[in-house]
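Presented below is the structure to which this report refers.
Numbers restart at 1 for each chain; the letters A, B, ... are given by sequence-line order, proteins then strands.
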Amino acid sequence: MDFKSLPSQYDHAAAQQKWYQFWEERDYFHADPADPREPFVIVIPPPNVTGALHLGHALNNTLQDILIRWKRMSGFNTLWMPGTDHAGIATQAVVERRLLEEEKLSRHDLGRDGLVARIWKWKDQYETRILAQLKQLGCSCDWQRLRFTLDDQCARAVRETFFRLFQDGKIYRGKRLVNWDTFLQTAVSDDEVIRETVKGHFWHFKYPVIDARPGEPEFVTIATTRPETMLGDTAVAVHPDPAAAFDELSSKLREEMLTASEKERAALNEEADSLLARRAAVLPMLEKLRDMAQRGVKLELPLTGRTIPLIADEWAKPELGSGCVKITPAHDANDYEVWQRHSEIGAINILNPDGTLNDSAPEKYRGLKMLKARDAVVADLEAAGLLVEIENREIDLAHSDRSKMPIEPYLADQWFVKMDELAQSAMDAVTDGRVKITPERYAKTYLDWLGEKRDWPVGRQLWWGHRIPVWSKNFSNAAEKANVEEEAVQLAAAEIKDAGATLESNSCFYHYWDPETFAGTAFWCLQNDHANLAAIEKSGYKQEQDVLDTWFSSALWPHSTLGWPEPTPELKRFYPTSVLVTSRDIITLWVARMVLTGLYNMGEVPFREVYIHPKILDSYGETMSKSKGNGVDPLDVIEKFGADALRFGIAYLTTETQDVRLPVEFECPHCGALMNQTKQNRQLPRVKCDKCGEAFRTQWAEKPEDKALPRGAVVSERFELGRNFCNKLWNAARFSLINLEGYEPGPVAANDLTIEDRWLLSRLTTVTDQVTVAQGEYRFADAARGLYDFAWNEFCSFYLEMTKARFSVPEQRLAAQRVLAHALDALLRLLHPIVPFVTEEIWQLLAQVAPVRGIAKPQAAEESVCIAAWPEANRADQDAMIEEQFAVFQAVLGAVREVRSRQNISMKDELNFTVRCSDQAAKLLRPMQPYFTQMARATGTAFGPDAAAPDLSASMTLPGMEVHVDVSRFIDVKAEVARLSKERDQLAQFAKLIDGKLANKGFVDNAPAEVVQQQRDKLAEARGQLASVEAALGKIS
RNA sequence: GGGCGGCUAGCUCAGUUGGUUAGAGCGCUGUGUUCACACCGCAGAGGUCACUGGUUCGAGUCCAGUGUCGCCCACCA
């Protein structure tokens, strides 16, 4: 092949297509459990099938791929298990929203099966897209093992786990106040609730006291932001000891004052004063009310005809509102807690699932939406003369992250998983080091959350998910209860007969009832749909409507994907996995739960290490999201810059801090210019290019005239770094390939190695070491930066420049080629995990000219860099002497170049220079003579202590050296004087600084001798330099 | 309210256990294209390391506090 005809710009698009296919065809990504090599396993955090992947996914998966490719090259039996997550609420919400928008249909129009079928279609579409994206990114997953959290294999694992927990008594049914989304008609988790401060009102009402004694208040005033909930009130509370509560507040304030600053103290004082005033104003009344509560006084709940008790509970804060608080256990989390302490008050749910008031509300309000009911209640109370006042106030409004509708707290039946023992086991795994979290600080997040050991509500009122494998039936008296029990015994017997299995292993019965009435509910949990199912359904049991929390199936991911509960060879070989790579926001939701179920089901942690990577934010520090319009699609970046550029950029940015900020730009489809995205323009349907003035459309385009415009991709210039790097590498390779013409493999004897050869091999060893260590510690930025500097500044800027000349010298050419082929080979291996495509492209080209390479023992290179061996750092190649020689050379070269630039001397003009330096330095510099000519068009005419400066010279002083460039033909005296004066001032200042340091007795006495000596040397050095600068100055002026 | 993290060049970020005159990329300035690469080469300018105090011979680095931005958790009827 004629390498000269290769384009000077790397064509990433062609390479990506070609080589990904090549890898897949050869099955490099497939892991065989029979392979005896030590396994290295990662399970992918399964992306939600909600939509396409974003830049965060690109980050997450790039890092995993780097690790996997590196370990694959390092000789591990490598498995990267891919898959996607059904993401219950998120996916159902997206599909339902589209259904409504596009077809004006609700899920009830389609029915359960119809909706689920629709979601499966959606899933297929997006899964395909997600997998394509991962492949374009270069991810080397074992695609033959692709899983989905809702597929049959995962379903089996879910069912098995639920059954075991149920049998174990770790699953129970209870009441729980949930965040009810009235649009989706489902409970959403706390994590899916967004709170926002909005302007609202604070209504004060009074409830009449029944049979108040003389001297006692006839009304109790309460305040609320949600008046309609009063219809569900079951009590009003007052603090049991308001005086003590006030005392406590006061002493807390005093305590704060002790440590407060002047400024704060004023504020605190004011606070203390108002507290005292308040105490004086309300205390007598509150104490009276408290006494009344203890006496068992009842209040009339207006509008309802009900009476409710006045109770004493600490939840009522004497310093807030009226000092009394209405209690609505069914619709407020705190009130719910009060009910737990005072079970006698009961709870009344006044809401229907769709957010309208139900039959528990007075007839007048039934069927009204909450807000309508609010207006009606306020009006009616006002009419009854019970409205005291309306305050304006900022309130926290909760709404659903999924549907964007307001959230109503709502009391519902829920299935729970008992967390005490499970959580403890997961905590122990981290505290005793079986699971290591990096960076370490995140272990705290994990432990704190698990430490609360809050039971896990696992039911979701959705249709998309794993349906809870429990069948239930209600009974309402002792006779029915006895029937149910009798039935259970028979069913169990039938079970044993029909299926030949024991009761314990296949189905599990559980029931609870009210001890007074014997009314209750009976449940069967079935391990699978065995013969008992028909019998159970025949006796009137119905399967639960709810599905399991998505995290329930995600929690099993590391073992369910490997085949659990079957004892598959994969499970034996690949569990536990090696490392989990994920982002910090799901440490609790996902990581902790995987550890706990892994321990429960497998008796072993699911992974040895957890690496938490940063999050990607835009330049305002905001998280990227489609709804903000600042989301960057990895495919746009790949198209513009290439997958390798994206990957390199990501690795380069992945440091240990929490976040990565990325400036976000539109790319003009007309002129290709990048233009900053601002908070304003990122919301527009069309944007005009700053540069060419042409308009283009954004993701918001809806009108036909906007949609007709070409699309402006959203990208980030940050990826230019990676693109430029790949291009640099490409051109270095092109140069190498051109010069490898006529290459023949063969060993290179040590004394055939030139200075630059030995230097490069020495540096290569160091870099190999650095990169290997950095990747092992998840310091991806260090690895990328190390390789970038080495490839660009050492391999290209020095090695290639210096070795160039040898290719035209016949007797040197072959040795030079052999070293070059070897060096390029090593560089490609080191870079491959980060930039797989360009390295493969070059690897294949290199194979055409140099299929056998290596300088000690040439060997045939592997057919793909993907499976090539990871380089080992060869200590013998490290050569401090050579590196020193290079440092001196580079310093002098830099000085000569600077003089040339400063004096504005063209490269066409040759220069002479002398270096006054020690004999030792001279000895290092002399052999470099040809390189000065080659790289700076300059000839060193004298090196050593006696080297004299030419008559008219421009000088640079370096530590231990003076470089004098003969500029008799070119001198720009003014520039030189200016430059020297500046240098003199700097040196003088520096010398003064060190002088001061050394004059400090404390320093000389206390600092280690070597540090003091270092400073003394430095001072001498600086003074020497100063003298020579002054001499040069004197001479020139 | 509790916890975590950031604050270093115009921008985005490095900076190991305290010890040379604090670095990189982009951007900027000057300059250069027959001779791998203008997605390039060569050179340059640019920093009160957020602030205050402390420890130390010595602090970007350690400690305390302040400010500020962000994230997580718990929450004000």
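The distance from atom CZ of A:Phe798 to atom C1' of B:C42 is 11 Å, rounded to the nearest whole Å. Rounding to whole angstrom units, CZ of residue A:Arg897 and P of B:G44 are separated by 11 Å. A straight line from CG of A:Asp909 to P of B:U31 spans 16 Å, rounded to a whole angstrom. Counting to the nearest Å, the C1' atom of B:A43 and the CZ atom of A:Arg900 are 12 Å from each other. When rounded to the nearest whole Å, the span between CE of A:Met935 and C1' of B:A36 equals 14 Å. Rounded to an integer number of Å, the gap from CD of A:Glu983 to P of B:A43 is 16 Å. Per the geometry, CD belonging to A:Gln934 stands 12 Å off C1' belonging to B:C35, to the nearest Å. Between the C1' atom of B:G6 and the CZ atom of A:Arg661 lies a distance of 8 Å, rounded to the nearest Å.
At least one side-chain nitrogen or oxygen of A:Arg454 sits closer than 4.0 Å to the OP1 or OP2 atom of B:A74. Of the side-chain N and O atoms in A:Ser8, none sit less than 4.0 angstrom from OP1 or OP2 of B:C37. Dashed line: the shortest gap from a side-chain N or O of A:Asn724 to OP1 or OP2 of B:G25 is not under 4.0 Å. At the phosphate of B:G41, OP1 or OP2 sits under 4.0 Å from a side-chain N or O atom of A:Lys728.
If you take atom C1' in B:A64 and the same atom in B:U56, they sit 16 Å apart, rounded to whole Å. Using C1' as the reference atom, B:G5 and B:G46 are 29 Å apart when rounded to the nearest Å. Distance noted for atom C1' between B:G18 and B:U12: 27 Å (whole Å). Taking atom P in both B:C71 and B:U29, one finds a spacing of 36 Å when rounded to whole Å. For the C1' atoms, the distance linking B:U52 with B:U17 amounts to 27 Å, nearest Å. Distance noted for atom P between B:G3 and B:G53: 26 Å (whole Å). Nucleotides B:G44 and B:U55 have their C1' atoms positioned 40 Å apart, rounded to a whole Å. Of the C1' atoms belonging to B:C51 and B:C7, the separation is 11 Å, rounded to the nearest Å.
Listed by first and then second residue, the ring pair (Phe, Tyr, Trp, His ring centres under 6.0 Å) pairs that reach into residues 317-338 of chain A are A:Tyr336-A:Trp339, sequence neighbours excluded.
Ring geometry for A:Phe795 versus A:Phe790: interplanar angle of 30 to 60°, hence tilted.
Among the atoms of the strands shown, only primed sugar atoms or phosphate atoms (P, OP1, OP2) are found under 4.0 Å from some heavy atom of A:Lys982. Here A:Lys804 lies in heavy-atom contact (under 4.0 Å) with a base. At a threshold of 4.0 angstrom between heavy atoms, the contacts of A:Leu721 are confined to the sugar-phosphate backbone, with no base atom among them. Within the nucleic acid shown, A:Tyr10 has no heavy atom closer than 4.0 Å to any nucleic acid atom. Residue A:Cys796 is classed as a base contact, given a heavy-atom separation below 4.0 Å to a base. Across all strands, A:Trp792 comes closer than 4.0 Å only to sugar-phosphate atoms, never to a base (heavy-atom distances). Residue contacts shown for A:Glu801 include a base, since a base heavy atom lies under 4.0 Å away. Within 4.0 Å (heavy atoms only), A:Lys908 reaches sugar-phosphate atoms of the nucleic acid but no base atom.
At distances below 3.5 Å, at least one donor-acceptor pair connects side-chain atoms of A:Asp2 with backbone N or O atoms of A:Lys4. Judged purely by atom type and a 3.5 angstrom limit, A:Asp782 has no side-chain atom pairing as donor or acceptor with the backbone of A:Ala774. A donor-acceptor pair under 3.5 Å is formed between the side chain of A:Glu665 and the backbone N or O of A:Glu717.
The A:Glu898 side chain lies nearest to B:A43 when the options are B:C13, B:C4, B:A43. Of all nucleotides listed (B:A14, B:C4, B:C37), B:C37 comes nearest to the side chain of A:Asn727. When each of B:U21, B:A36, B:U12 is scored by its nearest atom to the side-chain atoms of A:Lys1018, the top-ranked nucleotide is B:U21. For A:Ser797, whose side chain is taken as the heavy atoms from C-beta onward, the closest listed nucleotide among B:A14, B:G3, B:C42 is B:C42. Of the candidate nucleotides B:A43, B:G3, B:C26, B:C26 has the atom nearest to the side chain of A:Glu717. Nearest nucleotide to the A:Phe1003 side chain, out of B:G5, B:C37, B:C57: B:C57.
Between A:Ala223 and A:Asp585, the residue anchored nearer the 5' end of RNA chain B, judged by the nucleotide with its closest heavy atom, is A:Asp585. Mapped onto RNA chain B by nearest heavy atom, A:Phe725 and A:Lys326 fall at different nucleotides, with A:Phe725 at the one closer to the 5' end.
Shown here is A:Gln986, whose CD atom has more than 12 heavy atoms of other residues, nucleotides or ligands within 6.0 Å. With a 6.0 Å radius and a threshold of 12 heavy atoms from other residues, nucleotides or ligands, A:Gln1013 has its CD atom above the threshold. Atom CD of A:Glu314 has 12 or fewer heavy atoms from other residues, nucleotides or ligands within 6.0 Å.
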Pair pattern of RNA chain B in dot-bracket, where unpaired bases get dots and | marks partners in another strand, Watson-Crick or G-U under 3.5 angstrom: (((((((..((((.....[...)))).(((((.......))))).....(((((..]....))))))))))))....
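The two residues A:Ile587 and A:Ile612 come nearest to each other via the heavy atoms CG1-CD1, 3.7 Å. Shortest non-hydrogen contact noted between A:Ile345 and A:Pro329 is CD1-CG, 4.2 Å.
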